[in-house]
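Counting from 1, the numbers follow the sequence of the chain as shown.
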Amino acid sequence: MLGNFMYCNPTKLYFGEDSLAGLNEELPKYGQNVQLVYGGGSIKKNGIYDKVMEILKANGKNVFEDAGVMPNPTVQKLQEGCMIAIYNTENRLS
C-alpha cells in the first residue's frame, strides 16, 4: 500500500417499492462514472437492471459493468473489477 490514508464508506440503504427513486436523489452527489457490479444475471431477469440503467442514463452517468460476481468473490474476480474501474477511469480522463 502506498502512503498513509483514511477510507470512509458510509452507506445509505433505501427499502420499499419506490426505493429506486432514491437514486435520483443520490446520483448527483457523485462523479460521472458508475461501476455496476452484479452477479449471475437475476438482476436482468427480474427487470431491475433495465430500471437501474434507465435511471443512471437519465442522470448522465457513464456505466461500466462487472457481471458475474459470485458470493465471496475470488481475488481474481476482485482484480478484474479493479481493472474495469482503472481502465474506464483512465480512458474517460484522456
Query raised in the report: Salt bridge between E26 and K29, side-chain N to carboxylate O under 4.0 Å?
Result: yes
Report task. Indicate if V37 and V34 have the same hydrophobic cluster label, given that clusters are the connected sets of ILVMFWY residues with side-chain heavy-atom separations under 4.5 angstrom. Result -> no
Report task. Would you check, one step at a time, whether the test side-chain contact (heavy atoms from CB on, under 4.5 Å) holds for K61 with N33? Result -> CA-CA 6 Å; K61 301 300 180 179; N33 298 329; over 6 Å; no
**Report entry** Q79: partners by side chain to side chain donor-acceptor pair (under 3.5 Å), with sequence neighbours left out
**Finding:** none
Using atom types as modelled, flag every donor-acceptor pair under 3.5 Å from a side chain in residues 63-76 to any protein atom, sequence neighbours excluded.
residue	atom	partner	partner atom	Å
E65	OE1	Y38	OH	2.4
E65	OE1	Y49	OH	3.3
E65	OE2	Y49	OH	2.5
D66	OD1	K77	NZ	3.2
T74	OG1	K77	N	3.0

Query raised in the report: Counting only heavy atoms not in N46, do more than 12 fall under 6.0 Å of its CG?
Result: yes
Requested in this report: Any chance you could lay out the side-chain hydrogen bond (donor to acceptor under 3.5 Å, both in side chains) test for N24 and N59, step after step, and finish with the verdict?
Outcome: CA-CA 7 Å; N24 289 311; N59 280 272; 2.9 Å; yes
Requested in this report: Look at the side chain of K51 and the backbone N and O of L20, then say whether any donor-acceptor pair between them is shorter than 3.5 Å.
Outcome: no
Query raised in the report: Does the pair N88 and N62 meet the rule for a side-chain contact (heavy atoms from CB on, under 4.5 Å), with working shown?
Result: CA-CA 9 Å; N88 287 299; N62 303 312; over 6 Å; no
Report summary line: One should read off an interatomic distance between M53 CE and I43 CD1, to the nearest 0.5 angstrom, of 10.0 Å
Report summary line: Sequence neighbours excluded, the answer for salt bridge (charged side-chain N to carboxylate O under 4.0 Å, His left out) partners of K45 is none
